[in-house]
Amino acid sequence: MKISKKCRYGLRALIDLSVNSGSEHVVLGTIAERNGISPQYLEQVFASLRRAGIVKGIKGSQGGYRLNVDPEDLTVSRILEVLDGSYEIEEEEVPDDSHGGGIASSIQTLVIDPINRQLETMLNSVTLDDLRRNYLDYTEYHQGMYYI
């Protein structure tokens, strides 16, 4: 499995938004600048997040974006599904009349299905709040470092 650039940027932007918004709206250009993401590309990402109800956008001089869901309730699984659809490894298509059907079934049963179950469990166990807290811990630790 490979997490797409769209999903990586979406996760980065949502962490940024959860850290920097509080009760205020955050301008998309500011998020893009802080994270080195093209504002036009990030607008496409946020359009998907907005349609899914994850973020809320306000237009105008005091506008910007804010989270529309509690970060504790927003799983990485949901974010990935909104941005890219299913993240599971797809089943291999093998014609029924070939000998490969049994082989494909064995691979599906013993390799792909367990990977998909573990992936689902893991992605459903990590929330945006977990990502936010981990990021804050990281920045706090690294800001306190003093090098000679």
Side-chain angles (χ1 to χ4, degrees), residues 1-94 103-148:
M1 181 193 144
K2 183 176 180 180
I3 296 178
S4 70
K5 187 178 283 191
K6 182 178 184 180
C7 287
R8 289 176 188 269
Y9 286 173
L11 288 167
R12 286 168 56 184
L14 286 172
I15 294 167
D16 185 295
L17 187 61
S18 70
V19 168
N20 294 299
S21 67
S23 61
E24 299 177 10
H25 291 84
V26 180
V27 178
L28 194 63
T30 304
I31 296 171
E33 184 178 319
R34 278 194 295 253
N35 291 282
I37 303 170
S38 159
Q40 294 82 6
Y41 191 79
L42 199 55
E43 180 57 50
Q44 294 174 4
V45 171
F46 268 65
S48 297
L49 295 171
R50 194 173 49 246
R51 281 191 299 275
I54 292 173
V55 297
K56 182 173 182 169
I58 303 293
K59 295 183 181 199
S61 62
Q62 300 297 315
Y65 286 90
R66 69 174 177 81
L67 286 173
N68 199 36
V69 296
D70 188 337
E72 293 177 0
D73 297 329
L74 183 57
T75 64
V76 171
S77 172
R78 177 152 183 240
I79 296 166
L80 297 183
E81 286 175 345
V82 164
L83 294 176
D84 257 357
S86 177
Y87 51 79
E88 292 184 341
I89 300 171
E90 294 179 353
E91 186 172 338
E92 182 179 352
E93 293 184 29
V94 177
I103 293 170
S105 176
S106 296
I107 293 169
Q108 185 70 36
T109 302
L110 297 175
V111 178
I112 296 173
D113 289 345
I115 289 171
N116 283 338
R117 283 192 297 273
Q118 289 295 323
L119 188 58
E120 182 177 6
T121 299
M122 191 288 246
L123 293 176
N124 278 317
S125 70
V126 179
T127 66
L128 180 58
D129 190 55
D130 296 328
L131 294 170
R132 180 190 64 82
R133 284 187 283 119
N134 186 271
Y135 167 74
L136 291 173
D137 288 347
Y138 175 87
T139 56
E140 182 179 309
Y141 174 77
H142 282 82
Q143 285 177 350
M145 298 295 291
Y146 179 73
Y147 298 98
I148 298 177

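Bear in mind that the values here come from a model prediction, so they are computed numbers and not experimental data.
Atom CG of Leu42 is separated from atom CD1 of Ile37 by 5.0 Å, given to the nearest 0.5 angstrom. Note: Leu119 CG to Ile112 CD1 = 12.5 Å, rounded to the nearest 0.5 Å. Considering CG of Leu11 and CG of Leu131, their distance stands at 6.5 Å, rounded to 0.5 Å. The structure places CD1 of Ile31 at 8.0 Å from OG of Ser21, a figure rounded to the nearest 0.5 Å.
When every heavy atom of Cys7 is checked against every heavy atom of Ile3, the shortest pair comes out as CB-CG2, 3.5 Å. Scanning both residues, Ile15 and Arg132, for their nearest heavy atoms gives CG2-CA, 4.3 Å. Pairing each heavy atom of Ser38 with each of Ala32, the nearest pair is C-CB, 4.4 Å. Residues Leu123 and Thr75 share a closest heavy-atom pair of O-CB, 3.8 Å. Looking at every heavy atom in both residues, Tyr65 comes nearest to Leu17 through O-CD1, 3.4 Å. Here the shortest heavy-atom pairing between His25 and Ile58 reads NE2-CG1, 3.0 Å.
Between Tyr9 and Asn35, the closest side-chain pair of non-hydrogen atoms is not below 4.5 Å. The shortest side-chain heavy-atom distance between Leu67 and Leu128 falls under the 4.5 Å cut-off. For the pair Leu49 and Asn68, the minimum side-chain heavy-atom distance is 4.5 Å or more.
In this structure Arg34 satisfies the salt bridge (Lys or Arg N to Asp or Glu O under 4.0 Å) test together with Asp16, sequence neighbours excluded. Applying the salt bridge (Lys or Arg N to Asp or Glu O under 4.0 Å) rule to Arg117 yields no partners; only residues at least two apart in sequence or on another chain are considered. Listed by chain and number, the residues in a side-chain contact (heavy atoms from CB on, under 4.5 Å) with Glu91 are Gln108 (sequence neighbours excluded). For Asn134, there are no side-chain contact (heavy atoms from CB on, under 4.5 Å) partners two or more places apart in sequence or in a different chain. Residues that satisfy the salt bridge (Lys or Arg N to Asp or Glu O under 4.0 Å) test with Glu43, not counting sequence neighbours, are Arg50.
Using a cutoff of 4.0 Å between basic side-chain nitrogens and carboxylate oxygens, Arg133 and Asp137 are not scored as salt-bridged.
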Pairs of donor and acceptor atoms involving the side chains of residues 76-84, under 3.5 Å and at least two apart or interchain, shall be tabulated with distances.
unit_1 : atom_1 : unit_2 : atom_2 : d
Ser77  : OG     : Tyr87  : OH     : 3.0
Ser77  : OG     : Asn124 : OD1    : 3.3
Arg78  : NH2    : Ala52  : O      : 2.9
Asp84  : OD2    : Ser4   : OG     : 2.4

